[in-house]
**Q** 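One structure coming up, written as structure tokens, with questions to follow.
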There are 2 protein chains.
Amino acid sequence: MDRKTAEEVPDLKSLLFDGDVGTREEILEAAFDALHEHGYSELTIDAIGDEFEKSQSLIYHHYDSKDELLIDLLGLLTEYFETRTPEILPAEPRDRIEMFVEAAVGLNDTDRTAIGTFIELRAQAVHDDRYREHFVRSDEVIQEYIADDIRDGIEAGVFQEVDADRMATWLHTVGIGTAFRSVTSDDSWIETNEEEVRDYLERRLYK
Amino acid sequence: MDRKTAEEVPDLKSLLFDGDVGTREEILEAAFDALHEHGYSELTIDAIGDEFEKSQSLIYHHYDSKDELLIDLLGLLTEYFETRTPEILPAEPRDRIEMFVEAAVGLNDTDRTAIGTFIELRAQAVHDDRYREHFVRSDEVIQEYIADDIRDGIEAGVFQEVDADRMATWLHTVGIGTAFRSVTSDDSWIETNEEEVRDYLERRLYK
DNA sequence: GCTTGTTGATTAAATATTCAGTCAACGCGG
DNA sequence: CCGCGTTGACTGAATATTTAATCAACAAGC
């Protein structure tokens, strides 16, 4: 079923919760792990319970339903991306753009397992508006980060005078496409894809 | 849950099966309709049975399991895209590329509901290699169609001398990203995205 | 001793799958 | 042609299993 080689999943706990890890957080992490292991359509409360040190029934002490738990997890993940993204970006506009491209275009194996989980959650938005809302917002936020970087670069004179919003929209779409394709297909196209994107940036954005 | 306005689903039956519509085909269509209505994770045999004129239990006369049925449906859909795509393309290379871009970038509402179903199936590939195989192959096929069109255009002198495989890879990735994003988010970015893609083609591909 | 967290067992509903039996069509020997 | 056995499509109900959710009881800290 799964083609990943290493079993280790990025430790969401340490990423998402600095310090105070209560039961609620343990549950969220268990849900994330179970989601990663079984996929959304096979995700059961039992499976979440298996990833959870304490009793499965304790989940219902903290959440009213499985649904509510998953929506909470989704909120946590999107919020994480929105707040942490600007914190880890380098200072120089060009480095910042490179980092976005790197993240989108050059996924390593560890990232890919996490991104796969994220993609599966996103796919739920096709039929569930509560999911859709989260991604509408997170797309806006991420895209605005990119647009800001482009504007900074233009201001600093290292980028050409492009339409920042337009290029940010496009870059984000390419990122989503690359991520989706890479977790649902093989590797054969990745390098070629990256070449074209970088070539595009050289011609059109960088001075 | 759903933001589509019109209830009509594209008539798979008439699209996929010309003439001889046996029970097996009716089941496949029912599965497609149910998938469209409920989404993959909420898809039950009962729901498929509801879209199916005959008895629900008859499904098991034709298929060993729900799983087998869905894999069969997937095969049918990918095969459809692979064989029909070249048949409906115009003659001129530039028109052909335009049609690909149109399909990827300018999704109307009817298309979007069908694409949503397709995207949900594709998302299963994250955890199921049987799904993955289908998309690896169909990506290759579609991408090769695009590459061929580009080569034709270069030969005919209407396109610049670009690396056809590289641009085809990139175009297909953009198509996947646009499709995925459009069925899991809102509309606000669509036009901007299209502008950038068309601008890119004008600069980089068209003479 | 009251609140909060925790547990294992239990329930009720949902869901996939099976089954016993009907029916219509078909082939074929008389 | 006429009975008759065979076959495959089909049905409604039954079954087996999975799964979400509940509950009564226990423990610990305050």
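Proteins come first, then strands; the chains are lettered A, B, ... in the order of their sequence lines, and each starts at number 1. Model, not experiment: these values are computed from the prediction. The analysis underlying the following values was restricted to heavy atoms, covering all of them including side chains, and did not include hydrogens, waters or symmetry mates.
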**Q** Can you confirm if the NZ or CZ of A:R204 lies within 45° of the ring axis of B:Y200 and under 6.0 Å from the centre of its six-membered ring?
**A** no
**Q** Between B:E42 (CD) and D:dA20 (P), how many Å, whole number?
**A** 11 Å
**Q** Determine whether A:S182 and A:W189 make a side-chain contact, defined as any pair of heavy atoms from C-beta on separated by less than 4.5 Å.
**A**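 A side-chain contact under 4.5 Å exists here.
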**Q** Report the residues that fulfil side chain to side chain contact (heavy atoms under 4.5 Å, CB included) with B:S65, sequence neighbours left out, ordered by chain and then residue number.
**A**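 By the side chain to side chain contact (heavy atoms under 4.5 Å, CB included) rule, B:S65 matches B:D67, B:E68.
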**Q** Would you call A:D72 and A:R24 a side-chain contact if the rule is heavy atoms closer than 4.5 Å?
**A**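 Of all side-chain heavy-atom pairs linking A:R24 with A:D72, at least one is under 4.5 Å.
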**Q** Heavy atoms within less than 4.0 Å of DNA chain C: which residues of residues 47-59 of chain A have one? Give them sorted by number.
**A**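 Here the set is A:K54, A:S55, A:S57, A:L58.
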**Q** Answer yes or no: does a side-chain N or O of A:T23 lie under 4.0 Å from OP1 or OP2 of C:dT6?
**A** yes
**Q** Could you give the CD1-to-P distance, from B:I45 to D:dT18, as a whole number of Å?
**A**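 Result: 16 Å.
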**Q** Pairs of donor and acceptor atoms involving the side chains of residues 45-54 of chain A, under 3.5 Å and at least two apart or interchain, shall be tabulated with distances.
**A**
{"from": "A:D46", "atom 1": "OD1", "to": "A:Q56", "atom 2": "NE2", "distance (Å)": "2.7"}
{"from": "A:K54", "atom 1": "NZ", "to": "A:T23", "atom 2": "OG1", "distance (Å)": "3.3"}

**Q** From CG of B:D67 over to P of C:dT15, roughly how many Å is that when rounded to an integer?
**A** 16 Å
**Q** Run A:F81 and A:F118 through ring pair (Phe, Tyr, Trp, His ring centres under 6.0 Å) and show every step you take.
**A** CA-CA 11 Å; A:F81 272 103; A:F118 212 71; 4.8 Å; yes
**Q** Within less than 4.0 Å of OP1 or OP2 of C:dG5, is there a side-chain N or O belonging to A:H61?
**A** yes
**Q** Whole angstroms only, please: what is the NE2-C1' distance between B:H38 and C:dA14?
**A** 14 Å
**Q** May I have the distance from A:R24 (atom CZ) to C:dT6 (atom P), rounded to whole angstrom?
**A** 13 Å
**Q** How many angstroms lie between atom CG of B:D139 and atom CZ of B:R122, to the nearest 0.5 angstrom?
**A**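 One gets 4.0 Å once the value is rounded to the nearest 0.5 Å.
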**Q** What is the distance from CG of A:L69 to P of D:dT19, rounded to the nearest Å?
**A**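 Value for this atom pair: 16 Å.
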**Q** Should B:Y60 be listed as having a side-chain N or O under 4.0 Å from OP1 or OP2 of C:dT18?
**A**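 No, because none of the side-chain N or O atoms of B:Y60 sits under 4.0 Å from OP1 or OP2 of C:dT18.
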**Q** Distance check: side-chain N/O of A:H62 vs OP1/OP2 of C:dT6, anything under 4.0 Å?
**A** yes
**Q** Between D:dA21 atom P and A:D46 atom CG, what is the distance in whole Å?
**A**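 So the two atoms are 12 Å apart, to the nearest Å.
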**Q** Using whole Å, report how far NZ of A:K66 lies from C1' of C:dA14.
**A**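 Distance, rounded to whole Å: 12 Å.
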